[in-house]
Structures are given as structure tokens and as C-alpha cells.
Amino acid sequence: MIAIGCDHGGYELKTTVKDYLSQQGITWRDVGCDSADSAADYPDYAKAVTDAILRGECEKGVLLCGTGIGVSIAANRVRGIRAALCHDVFSARQSRWHNDANVLAMGGRVIGTGAALEVLKAFLETEFSNDERHVRRLGKLKNMSNGELSVDFKEENQHGKL
Ligand code: RB5
């Protein structure tokens with residue numbers, strides 16, 4: 001199951017994405033918004049998508065806003081979420097293979113529907129490599145989410161500079 005959310009800037013693209021997923025026999029859950037005609041706050045929909053993933057109800061998410069930037073920033077504030085803003089197929093593949101991204105973000109005002117569906121396809125069909133070096137880097141990301149300080153930051157702090 002794929003969780004899909006958008007603000008008004010991503011609404012049109014969301015209808016295209018849902019149609020594509022249905023054609024592919026992939027189940028989805030639309031968490032809103034429900035119209036392109038009234039302004040919606042992208043953090044609300046990013047939260048709904050990431051909640052569905054963290055609860056284990058959806059494996060991955062797609063978030064759409066005007067640029068994809070707002071939803072990706074919002075989603076990446078959530079521990080356990082790795083959102084990738086991709087407008088090309090290569091990045092979408094790499095985001096899965098190297099980064100094990102669990103959310104794809106795109107901008108409805110940036111990318112055309114044909115290209116967006118190619119990006120989505122690449123994102124969905126690429127597995128994580130499970131390569132040791134990528135696993136190690138994901139572990140470091142996890143430590144960052146847990147508030148671990150960097151070495152330089154800790155040293156600065158010890159010298160009372162902060
Ligand atoms: C809405 O106007 C726009 O700011 C939003 O869709 C998104 O692009 C934000 O990053």
C-alpha cells in the first residue's frame with residue numbers, strides 16, 4: 001500500500017499518480033488534500049503520509065506539492081523517514097538503491113505527468129542495495145535523528161564556544 005498526499009500545488013499530479021497506481025494493481029491510500037482550488041498546508045499531508053508509514057499501514061509514500069520542496073522538508077523532519085525529492089529517473093533509482101528512500105516527493109508545478117510517472121515507476125521498482133557501505137550510512141542518518149552530536153560540535157561545546 002502506498003500513502004499519497006499533496007497540497008493544492010500537487011493535487012492535479014496526485015490524480016495522475018493514483019490512476020497510474022490503480023492501472024498497475026498497486027493499492028494506495030489518499031490522505032488528502034481534496035482540491036486544487038483551496039490552499040492547503042503541506043506539512044499536514046506530509047505528516048499524514050509519514051504517520052501511515054510509521055504505523056506500518058503503508059510501505060512507502062508519495063508526497064506532492066508545487067515544487068516538492070515543502071513536502072520533502074516536512075517529511076524528512078520525521079524520524080525513520082527518508083524522503084527523496086526527485087524529478088529524474090536516475091535520482092529516483094539511486095534514492096532507493098543507495099538511500100533506501102521510503103517517500104518520493106515531486107513538484108506538480110515542476111514536472112510533467114509523463115516524466116513524473118517514469119520517476120515514480122523507477123522509485124517503486126528499485127530495491128535497496130543492502131550494500132554494507134549504504135547500510136552504514138543509513139545507520140549514521142539514524143544516529144543523527146537520535147540527536148547525536150558531530151565530533152566538531154562536541155569539541156566546540158567542550159571549549160565553551162556555544
Ligand atoms: C504553495 O503555493 C507552494 O508553496 C507549495 O505547494 C510548495 O511548493 C512548497 O514547497
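Counting starts at 1 for both ligands and their atoms, in listed order.
- Close approach of ligand 1 to G66 (heavy-atom distance below 4.0 Å) involves ligand atoms 5 (C), 6 (O), 7 (C), 8 (O).
- Residues T16 and Y20 form no side-chain contact, since every pair of their non-hydrogen atoms from C-beta on lies 4.5 Å or further apart.
- Contacts with ligand 1 closer than 4.0 Å are made by side-chain heavy atoms of D7 only, the backbone lying farther away.
- Counting only heavy atoms, the protein never gets under 4.0 Å from atom 4 (O) of ligand 1.
- With C65, G68, G107, C6 as candidates, the residue nearest to atom 7 (C) of ligand 1 on a non-hydrogen basis is C65.
- Heavy-atom minimum distance, S72 versus A105: CB-CB, 3.8 Å.
- In terms of protein heavy-atom proximity, atom 1 (C) of ligand 1 is nearest to H8 NE2, 3.5 Å.
- In this structure a side-chain-to-backbone donor-acceptor pair under 3.5 Å is missing from D41 to P43.
- Applying the side chain to side chain donor-acceptor pair (under 3.5 Å) test to residues at least two apart or on different chains, the pairs with a partner in residues 48-60 are R29-E57, K47-D51, R55-E57.
- In this structure, the protein non-hydrogen atom closest to atom 8 (O) of ligand 1 is T67 N, 2.9 Å.
- By the 4.5 Å heavy-atom criterion applied to side chains, Y45 and C6 are not counted as neighbours.
- When each atom of ligand 1 is checked for a heavy atom of Y42 under 4.0 Å away, the hits are 9 (C).
- Between W28 and V17, every side-chain heavy-atom pair lies at or beyond the 4.5 Å cut-off.
- Under the rule for a side-chain contact (heavy atoms from CB on, under 4.5 Å), the partners of H87 that lie at least two apart in sequence or sit in another chain are L85, M106, V110, I111.
- Which of G108, A74, G70 comes nearest to atom 10 (O) of ligand 1 through a heavy atom is settled by distance: it is G70.
- Counting protein heavy atoms only, atom 2 (O) of ligand 1 is closest to R109 NH1, 3.4 Å.
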